[in-house]
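What follows is a single structure, written as structure tokens, with notes after it.
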Amino acid sequence: MQCFNHQQQAAIGVCKCCSRGLCAECAKDLGHGLACRDRHEAQVEAMNMIIEKNARIYAAAPKNILIGPVFFLLLGLLFAGFGYFSAGGITDLPFLMGLAFIIFAVVSFVRSRALFRDAP
Ligand SMILES: [Zn+2]
Ligand SMILES: [Zn+2]
């Protein structure tokens, strides 16, 4: 492959943003990929940041996916307990709402866990 800007020069790599061939003079090495010097440096910098951020979010996800289900489970137990002991029993709205929250907590936990089953 030849450099996009200098047809007589061999490319040493491609820009991560526009995929054009770049020679040593046109390429700017940003650590995790090359960018067109003075043209796509900011874009490639942003792409690297997004990729790194996603990797961190993904690594933390197995712990973070518990927050929602646990919250809804506690809310469900609270409503169900209140409905059962104070309001009109298991046919009254608070108990049924609590039951719905508990079901939602279980379903969302199972679904998010399936999503991250392959995560280390
Ligand atoms: Zn470029
Ligand atoms: Zn060049």
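Sequential numbering from 1 along the given sequence is applied to the chain's residues.
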So how far is it from Leu78 CG to Phe82 CZ, rounded to the nearest 0.5 Å? 9.0 Å
Which heavy-atom pair separates Pro69 from Ala105 by the least distance, and what is that distance? O-CB, 3.3 Å
Between Ala27 and Leu22, the two heavy atoms sitting closest are CB-CB, 3.8 Å
Going hydrophobic residue to hydrophobic residue with side-chain gaps under 4.5 angstrom, can you get from Phe72 over to Phe79? yes
Using the rule that two of Ile, Leu, Val, Met, Phe, Trp, Tyr join whenever any of their side-chain heavy atoms come within less than 4.5 Å, decide whether Leu74 and Leu99 are in one cluster. no
Identify the two heavy atoms, one from Ala80 and one from Phe95, that lie closest to each other, and give their separation to 0.1 Å. O-CD1, 3.3 Å
Please round to the nearest 0.5 Å and tell me the distance separating atom CG of Asp29 and atom CD1 of Ile12. 8.0 Å
Backbone N or O of Gly83 within a donor-acceptor pair of the Ser86 side chain at under 3.5 Å? no
How far does OG of Ser108 sit from CG of Leu66, to the nearest 0.5 angstrom? 9.5 Å
Chi angles and distances behind the side chain to side chain contact (heavy atoms under 4.5 Å, CB included) call for Leu34, Arg20: CA-CA 10 Å; Leu34 301 176; Arg20 286 173 178 153; over 6 Å; no
Has Gln2 got a side-chain atom pairing as donor or acceptor with Gln9's backbone, closer than 3.5 angstrom? yes
Between SG on residue Cys23 and CE on residue Met1, distance to nearest 0.5 Å: 12.5 Å
Is there a chain of hydrophobic side chains (I, L, V, M, F, W, Y, each step under 4.5 Å between heavy atoms) that links Met97 to Phe71? yes
Does a side-chain N-to-carboxylate-O contact under 4.0 Å join Arg37 and Glu41? no
His32 and Asn48 have their tightest heavy-atom pair at O-OD1, 3.5 Å
Would you say Phe101 ends up clustered with Leu93 if hydrophobic residues are merged whenever their side chains have heavy atoms under 4.5 Å apart, either directly or through other cluster members? yes
Using the rule given for side chain to side chain contact (heavy atoms under 4.5 Å, CB included), can you reason through Glu45 versus Leu30, listing the C-alpha separation, both sets of side-chain angles and the distance that settles it, and then say yes or no? CA-CA 7 Å; Glu45 206 93 73; Leu30 293 171; 3.9 Å; yes
One pair to check against side chain to side chain contact (heavy atoms under 4.5 Å, CB included): Cys36 and Cys18. What are the steps and the verdict? CA-CA 8 Å; Cys36 299; Cys18 63; 3.5 Å; yes
Distance-minimising heavy-atom pair for Cys26 and Asn5: SG-ND2, 3.3 Å
Measure the spacing between NE2 of His40 and CD of Gln43 and express it to the nearest 0.5 Å. 5.0 Å
Separation between CZ (Phe109) and CZ (Phe104), nearest 0.5 Å, reads 14.0 Å
